[in-house]
Structure formats: C-alpha cells, structure tokens
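Below you'll find the structure, written out as structure tokens, and then a few comments.
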Amino acid sequence: LIHQLELKLWLANNKFHHACFISWPSLGGPKIKRLVAKLEQAIEEDAPLYGLPPSAFSDRSIPKGADWESTMSRALCESISMIAVLGPECYNSDWCGREWAGMLRLEESRLGSADRAILPLVFQPLRSDATAGLLQLEILPPPVKHLQCVDLSRIRLRRSNYEESDEFDDIIRNITARIADIALRLADLRASAVDCAGFVLPAESAFAEFKQAVQRYPFLTES
Amino acid sequence: METPRSFSGGIVTFYSFKGGVGRSMAVANIGRLLARDFSSGENLLIDWDLEAPGLNSYFRVRPSSLGLVDYFSDLVEALRTKGLYEALQSEDRGAILDREIPIGKYLVDTATPRLWLMTAGPTDPARLGEYQKKVAQIDWADLFHRYPMALRAFREMLTSRFAYTLIDSRTGISDTAGLCTAILPDRLMAMFGPNKQNKPIFQVVEAALEFRRMSDDDRPLIAFPVASRFDPADLLAFQSSLMDFRYDFSQLFARVYNLKDCDLTEYFDQVLLLYVARYGYGDGDVVDHGEPSYAGSLRRSYEELARWLVERSGPWSAI
C-alpha cells in the first residue's frame, strides 16, 4: 500500500495525469468506439489499485471548441503509456500514426532502451498479399511487429460481446499491471512530464511508408 | 425446463471437402429438428451445391420453378440497372433488399411446419439447360468485389426473416464454397468421413476462420466438426482414425481461437453420424418418419448435433 501511495504521489508531482492515452481510428466505426469506451471505463476503475492516476485519455473526452492538436499533444505527453487499438483503418489514419510516432519519441527520451511505453491491442489484423496454401497471412507494419501485441481478434472470432467476458477483464487487469510496471520504471529513472506544454505531435506518421487501403480478399481461391 | 440457448438463430453452413458424407441429408434432418423443436419462427434451407443440387429430394415438395440462381440473377440485374446498390448502403439494407426482391417467390414449402426450401434452381429436368446457363453466368467473386454490401444485405435479410438458415454448401475449393464457409455463416458444420481423402477439411476450416478474423465482419464464426459415415461393423479402424481427427481439430481450435484448453472428447462422443444404407434409397427423412430415437441411432445423432448447435457456444464448451 505504501508503495502504491509513493507511486501515486510521485506521478502526481511529475505531472503524469493519465495512466494511458488510447490511440484509435475513429473510422473504425461503432465496434471500435464501443471497445474504446469499455477500455476507458475498465482502466479507470483498475488504475487506482496500482497507484496509477484514474484516467485513461482518449479523444472522445476532448470538449467541443478545444484546440484539437494541442490537447492531443499535451495529453499524450502527460500519459504514462499509450494503448494503440490496431485495425486496418489505423494504418491509414494520420492521427494514429502521429500518436504512435509521438509516444515513440517520449518513450525514447524517458525510458531509453530500458522499456517500452506502447501497448498494441490488435482489434482486427490486416491481410497481406501473401498466402500459405489456402490461408491468407496477416501483416503487421514495421513499428508494430517488434512489440508483443495483445490479440483481441481471436476472442472476437469466438464470442460476441467479448467486452463483457471474464477473459476481457483479465486482459484489462494485465494491461493495467503492465502500465504500473512502466510507471515504476519512469519513477526509477526520474523521468517526468513537467514540460508537456511545449510538446508537439510529430508531423510524420509512424505508418507513413505502410499506408495503404484496407484490403479485402473475399474468396479462398483468390490469389 | 427451457434449454439454454447459446445460438438462438443465424446462418449455419454444412460443408464437406468430399461428397458422400451425408451432408444434404444432415441439412434436411437438422432443418426439420430446428423448425420443430428449437424455434418458433420461420426457417430456411438453401441448396448452394449448384453443380450437383439435390436437397429437394429429401422432401416431398412441389416442383420449384425458381431458386437460388434465379434470385441472384435478379439481384445482379437490379444492382446493375435499378440503382439498388446505392440503397443498400443504408443501415436497413436487409429490409430494403427484401422489399426490392422478395425472397418468398423463390421458396417452396417443405410440408414441415415453418421450414422453407430454396432450391438451387428450377427442379423441372426440362429446364436444366436454362439452369446451367444461369449458373455459368453468375460470377460470385465479381459480385463480392463489386457489390460487397449486396451479400451483406442478403445475409442480414436472411437473419431478420428466418430463425435458422441452413446452407448446403458445394464441396471442395471454389468461390461458392468460400462464400458459404467464410462469408455467410455464423456457424460452420465441417462434415467429414475420417479418412485421408477428407484431411483437406482442416485447411478449408482454418482458411474460413482466418478470413473471418481478418475481415470487417464482426460476427463470431464457430466451427463444429461432424464425423460421418460411421459404420458400426468397422468400429476399430473408425475409432482410431476418428481420434486423429479429434486431436487435429482440438489443435486447430486451440490455435485459431486462442483457447487454453480445447477438449473435444465429450463432443465427439456425442456427435457422430451413423452410416445407415437403407436411407440412401428413400427420402432420408429420419427425424419425422424414420427410426425411433435410441442411443446410437442416426436419429439420436441428429438430435445431439442439433442440441450442440443451439445450446453450446462451441464444440469445446460445457453448457
């Protein structure tokens, strides 16, 4: 408990206001919107148990009339970690790519090579052109494939309303525990978020070279 | 006591890589069971085995003058000429499609209450030439590429009009088999005789599941392996081969669905379709007029399969 209180105080003093920043493609439609809402709610419930701030930021919470870019930049900088909800639309979204590039920059300056602050959550994999027998293979863009991803697509394949399952709750608990590990590492390294007012999202998307239309290969026999 | 329902309605495809495993007969009898015991709404059987249709032979139905190929010929025509595709971008695309091309006129009554049949095409032998031309004219891959929302509308129309829609799929690897196994169903009944010739069923099932996992379609796709052509006279050889299939399916499901444990023992113990030669000569109606239901009978096997389909969330699942 003392450990958690210490962490909570250290994070507050060093201006980490959000346990995580949720990066997601708004073009993904209602199913991704539903997932993001559930992620926000579940992480905000679990975070205080680990001494983390009870906030998961997503652009859903930006008030009307606010300066979008500066609000996003500041929120990303004030976040301990970033959950990237990945689907084909994500790789076509400049915002998702810029958020990834932004957190990569923050991660390098705060954690060096000691740890990673991006947690990829694969909602829907992207089909590649490559096949193996009848199977079309999935493809991950270079920035993503070096990271261990949480794969939601296999749970979605076998259950509707997966967000309401115990299995999903376990995933959230593991993610929150992982964010707590990152926070402890930030504290160890005395990395802070005090000068976030000047942080600006990079102009270049991390997925720029990978940008492509969502692929649809409907038939098993199609090459 | 009302039985729990994991699957209260949707599209179920019966697929086999090879023919001769009793697929159409299973469609006919599971259809009868679902209509009679498991749903209060209307139900539909579709004969999608366009190269070798014959689901109608399992029913005493009046000759059909229109069927699936006529429906899709009319649909393609409407998409090309009447601006239907623009209308199908709407959220209520299923209702719009049903209004523009009412499916009722392509169906025949099966005489089982609440069970309808969509034949592959006209059943009159004199019209086989006309049927063959229509089959050749439908380019399924082009239809999906050019009008993806049309197939979605068709699927949504089926789901809203019928409790259960059972599709008798083409065997092997083809565009129509891909459509029936990967794009349309909520549940995929993968039928096989446990022998070497049926081994490619694993590749087809995995391809269908992976296709769905990577698609925009948010519906789960649950595969149920269905072992068939069990001849009690050849029990030992059958059991040994069946265990191999059970093991391979459990490995496949554990991998594709990311299951920690995938134990199919209970399912394989209960769902096994017997080979009963005499049904090859009649109309194959086991459920309504065939043998009584007793442990080990074909009728009991169908009943078990229907129960698993409706009550369980997967072949690995406890109630």
Side-chain angles (χ1 to χ4, degrees), chain A residues 25 27-35 86-92 121-140 149-168 170-171 213-223, chain B residues 6-7 10 15 17 91 139-148 151 172-184 186-187 200-223 253-260 262 313-317:
Chain A
L27 283 177
K31 55 195 177 185
I32 290 192
K33 206 172 275 182
R34 204 171 63 226
L35 168 64
L86 299 177
E89 297 87 356
C90 178
Y91 308 126
N92 282 328
L121 198 64
V122 177
F123 179 78
Q124 180 188 333
L126 184 66
R127 259 192 287 273
S128 82
D129 291 334
T131 56
L134 290 177
L135 283 182
Q136 281 203 275
L137 302 176
E138 77 179 83
I139 185 168
L140 284 171
C149 299
V150 177
D151 189 353
L152 284 182
S153 67
R154 296 184 189 280
I155 306 171
R156 291 175 56 229
L157 183 64
R158 64 179 146 83
R159 62 188 312 162
S160 48
N161 295 327
Y162 67 94
E163 306 101 319
E164 307 302 327
S165 67
D166 292 345
E167 204 172 348
F168 185 76
D170 286 343
I171 288 173
V214 177
Q215 296 171 341
R216 289 187 171 83
Y217 289 103
F219 289 89
L220 302 179
T221 51
E222 192 173 47
S223 59
Chain B
S6 267
F7 181 56
Y15 171 85
F17 183 75
E91 282 293 307
D139 183 339
W140 297 98
D142 182 64
L143 174 66
F144 187 82
H145 274 299
R146 202 178 297 202
Y147 308 111
L151 282 173
I173 301 163
S174 64
D175 283 350
T176 48
L179 181 70
C180 292
T181 55
I183 293 172
L184 289 172
D186 298 281
R187 299 212 160 184
I201 189 101
F202 292 107
Q203 279 85 57
V204 174
V205 170
E206 184 166 12
L209 295 175
E210 285 293 293
F211 174 87
R212 178 64 63 80
R213 187 172 75 84
M214 293 187 241
S215 80
D216 294 337
D217 189 341
D218 208 26
R219 295 172 304 150
L221 176 57
I222 310 294
F253 292 161
R255 184 172 70 249
V256 176
Y257 291 120
N258 193 26
L259 295 165
K260 284 187 193 112
C262 182
S313 54
W316 55 82
S317 154

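All values reported here derive from a predicted model rather than from experimental measurement.
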Original post:
Do other residues, nucleotides or ligands put more than 12 heavy atoms under 6.0 Å from Lys33(A) NZ?
Top reply: no
**OP:** Applying salt bridge (Lys or Arg N to Asp or Glu O under 4.0 Å), name anything that partners Asp217(B), two or more places apart in sequence or on another chain.
**Re:** Arg155(B), Arg212(B), Arg219(B)
**OP:** Check Leu135(A) against Glu210(B) and note the closest heavy-atom contact, atom names and distance.
**Re:** CD2-CG, 3.7 Å
Subject >> salt bridge (Lys or Arg N to Asp or Glu O under 4.0 Å) partners for Arg34(A), two or more places apart >> reply: Glu163(A), Asp218(B)
Original post:
Where do Leu209(B) and Leu157(A) come nearest, in terms of heavy atoms and distance?
Top reply: O-CD1, 3.6 Å
**OP:** Please assess Ile173(B) against Leu134(A) for the test side chain to side chain contact (heavy atoms under 4.5 Å, CB included), listing each intermediate value before the final yes or no.
**Re:** CA-CA 9 Å; Ile173(B) 301 163; Leu134(A) 290 177; 3.9 Å; yes
**OP:** Measure the spacing between CD of Glu89(A) and CG of Asp216(B) and express it to the nearest 0.5 Å.
**Re:** 6.5 Å
Subject >> Heavy-atom pair count under 4.5 Å with chain A, highest-scoring of Pro200(B), Ser215(B), Gly314(B) >> reply: Ser215(B)
Original post:
Between Ser160(A) and Pro220(B), what is the shortest heavy-atom contact and its length?
Top reply: N-CG, 3.3 Å
Original post:
Among Arg127(A), Arg158(A), Glu138(A), Arg156(A), which residue meets the side-chain contact (heavy atoms from CB on, under 4.5 Å) test with Arg213(B)?
Top reply: Glu138(A)
**OP:** Please state whether the side chain, the backbone, both or neither of Arg255(B) comes within less than 4.5 Å of a heavy atom of chain A.
**Re:** backbone
Original post:
CE of Met214(B) to CD1 of Ile139(A): how many Å apart, nearest 0.5 Å?
Top reply: 11.0 Å
